[in-house]
Every structure is written in C-alpha cells, then in structure tokens.
Amino acid sequence: MKKIFFVSVILLFAEAVLTAQTKKHVVPMLGFQMLQTDEKDFVLSPSAALQYMCVENLEDPSSDGLVLAAGYALNHHMQPLGSDGVKNTHSINLFGSYTFGKNSFVGIVNSEGEIPFSSIQAVNGGVMYTRQLVKTDNISFVFGAGIIVGDLGLKIKDLNLYCLPLPVFSFNYKNDIVDASVSLLGLPSLSLTLFPEAMVRFKGNCGLAGFKSARDITFDCALVYYPFLETKTKDMIYISAGIMNTVSNTVLRDRIKYGFQYYSVYGEVSVTLVTLRCGYNFNGTNRIDDETVSSFYKGFFGSLTAMYMF
C-alpha cells in the first residue's frame, strides 16, 4: 500500500508541474489476433490496452508531458504447451514516460508467461533517462543512460546476465524524401520512411529480439497508400502490403521458454480507428529455450484492433 501511495504522489506531482496548456487524452484499445500453428490448431489472443496522455503537443514526441499505458493479452493455445499441457498464457505490458524541457524519464515492464512475473525469465524491462542535445527542423538527437533487466541471453563465462547498464540514444533525421531514426533504447532499432509526405510511402523498421542467429532480427517493411491524404482524415485511412519477421516467447511455470519465429507476407487496411491485418506465414521455427526444435507451420494469421481517443 505504501508503494502504491508513493507512486501515486509522484504521478500527481508530475502532472501538476505541467503547464496549463497541456491537453489530457484517454485512449482505450481492444484487439484480437489469430495465429495458425497447425492444420487445425491456432493461438487465439484477445487483448485490451489503455493509454493516458497529458501532453502539450500530440504531434511532437519531445513536448512536455506525462504518458502512461498498460496492456493485457490472453493467449489461448489450442495445441497445449509443455508436459503439463498449458493452454493459456498471459502478456502484460506497462509503460510510463515523463518529459520536461529537454529531459525525459522512461520506464518499461513486459512479462509473458503462464504466470506473469513469476521469474526473471518471464520479465523484461528497463528504466532510462535521456536529455535532448540537438533539435532542429530536420535533426534531433537525445542521449542518456539506462538499465535493462531480464533474460537477455548474455553470459560471462557460465554466469547469466540479467541486469545490464548501458548508454541510450536516439538520432532522427527528416526531410521531404526520408524520415529515419536510429536508436539504442534497450536493444538497437532502426526505422525508415521514404517520401513521408507523399500519398504512397515505403515504411520499414527493424530491431533485435535476441542474439542467437539472424532469425532474431525482427523487421516490418511495407508499401503504404493513403488515398484520402488531401481530406480531413489525412493519413488516418490507408492500405498497405508488406513482409515481416516475428519472434515471440512465453515462459511456463517450470521456467522453460517456448517460442516461435516466422516470416509473413500481409495486407493491412486501416479506417480511422479500426485496423485489419491478414497474412500468410512461412519459413518459421519452433523453439524451446531459444533452441530450434522443429519447423513452424505454414499457415495464416489475422488481427483486428479498434481504438478511440477521448
């Protein structure tokens, strides 16, 4: 109870020191995903999330403000996992950021498993501080330090590393032709958009989900068409086609990690507040404790998300 009260006081103080020009928004989101894992077996994942924002400018990520978010997903495996035949696993995601002036504090906690937060293998997260060193019309650069915690897959001799301090940074460059960013906010990531103001754009991002093999390089690249860019809806309605690599893991009660990795081609349609994505998976792997044990089934997937901003 004392911890909850202490955190509440901090959040109330952070909100109080923001300027009177800030705007408050609440964004609920509902989702459902279906992933085919065998001819008649699927992973069915209903989810819900809630985001609270008290910020000066929604279009400027570096503007002063407080952002809090929490999400939950239930993953029902029609083909049970492990010797105990586990059918349900859970995903919990928590995020918070507070920005004032050129300074930002960020905290992230994720857990996925049969019993979330039951072991260090089922948890990953981090806290970090960054300061904006450069901001122009085309370039921004922030630098800082942080600590990441979790099953990082790193060892020193026979000693597993579960906590790692590291420098963090984010470099962004934008003009009429390219909008690109390179960041080290935990694991390294890269994002790129070609012709960011055009009706047809190329969008891509990639990152690291581990250090075992090239299959741990996740990515999502798509050609996106915005048919109503000149109307009030701007880029809220779009159609896209792309290819991606997905890595997913879950930890059971006995601390054994089950996961899969697969490539997908997909199509996506977004109409303001509702997004539908469907695709076909291929050339994937099933994993136990990060070791490949079999090929992942070639099948279909689909996801539907709906959100609204108050």
Side-chain angles (χ1 to χ4, degrees), residues 3 5-27 49-71 93-110 124-150 152 163-197 201 203-208 234-235 307 309-310:
K3 290 183 178 179
F5 175 75
F6 180 69
V7 172
S8 299
V9 169
I10 291 176
L11 296 179
L12 289 173
F13 173 77
E15 184 173 349
V17 298
L18 296 174
T19 67
Q21 293 155 352
T22 57
K23 296 182 180 180
K24 300 177 182 179
H25 299 278
V26 176
V27 185
L50 185 66
Q51 184 177 25
Y52 169 77
M53 297 179 289
C54 181
V55 296
E56 287 186 351
N57 185 356
L58 282 175
E59 297 181 358
D60 183 3
S62 64
S63 65
D64 288 2
L66 173 69
V67 178
L68 301 173
N93 304 286
L94 304 171
F95 172 85
S97 70
Y98 176 51
T99 301
F100 61 99
K102 297 182 178 181
N103 307 282
S104 293
F105 292 91
V106 178
I108 304 170
V109 179
N110 303 311
N124 63 78
V127 293
M128 62 194 73
Y129 163 78
T130 61
R131 181 172 176 81
Q132 189 170 69
L133 302 180
V134 178
K135 184 177 181 181
T136 68
D137 291 340
N138 301 104
I139 297 174
S140 68
F141 177 69
V142 299
F143 186 81
I147 298 175
I148 56 175
V149 177
L152 306 175
C163 181
L164 184 66
L166 76 169
V168 296
F169 72 87
S170 178
F171 175 79
N172 301 272
Y173 177 79
K174 182 178 181 178
N175 59 25
D176 293 337
I177 298 176
V178 63
D179 184 356
S181 69
V182 180
S183 62
L184 180 64
L185 303 173
L187 294 176
S189 63
L190 170 69
S191 66
L192 172 69
T193 300
L194 296 179
F195 310 108
E197 305 298 329
R201 309 172 195 175
K203 303 184 75 172
N205 63 75
C206 65
L208 277 180
K234 295 184 179 179
D235 55 2
M307 59 170 286
M309 179 181 290
F310 294 96

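Just so you know, residue 1 is the first one in the sequence shown, and it goes up from there. Note that this is a predicted model, so its numbers are computed, not measured.
- Contact detail for Ser181 and Leu190: the closest heavy-atom pair is O-CD1, 3.2 Å.
- To the nearest 0.5 Å, atoms OG1 (Thr130) and CZ (Phe141) are separated by 10.5 Å.
- If you take OG on Ser170 and CG on Leu185, they are separated by 5.5 Å, rounding to the nearest 0.5 Å.
- Summarising the geometry of Pro196 relative to Arg201, their closest heavy-atom pair is O-CZ, 2.9 Å, with the distance given to 0.1 Å.
- Note: Gln51 CD to Met309 CE = 7.5 Å, rounded to the nearest 0.5 Å.
- The main-chain N or O of Asn93 is never found under 3.5 Å from a side-chain atom of Asn110 such that the two would form a donor-acceptor pair.
- Rounding to the nearest 0.5 Å places CZ of Phe100 at 9.0 Å from CG of Asp64.
- Annotation for Thr99 and Ser104: closest pair OG1-OG, 3.0 Å, computed over non-hydrogen atoms.
- Not a single donor-acceptor pair under 3.5 Å links the side chain of Arg131 to the backbone N or O of Lys102.
- The shortest heavy-atom contact between Leu192 and Ala180 is CD1-CB, 3.9 Å.
- Counting all heavy atoms, side chain and backbone alike, Tyr52 lies closest to Lys24 at OH-CD, 3.7 Å.
- Note that the NZ atom of Lys203 and the CG atom of Leu194 stand 11.5 Å from one another [nearest 0.5 Å].
- If you look at Phe143 and Phe169, their ring centroids are not closer than 6.0 Å.
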* To do: Start with the C-alpha gap between Tyr98 and Asn103, add the side-chain angles, then the distance that decides, and say whether side-chain contact (heavy atoms from CB on, under 4.5 Å) holds.
  => CA-CA 8 Å; Tyr98 176 51; Asn103 307 282; over 6 Å; no

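- For the atom pair CG of Asp137 and CG of Asn175, the computed distance is 11.5 Å after rounding to the nearest 0.5 Å.
- In plain terms, the two heavy atoms of Leu68 and Gly96 that are nearest each other are CD2-CA, 4.0 Å.
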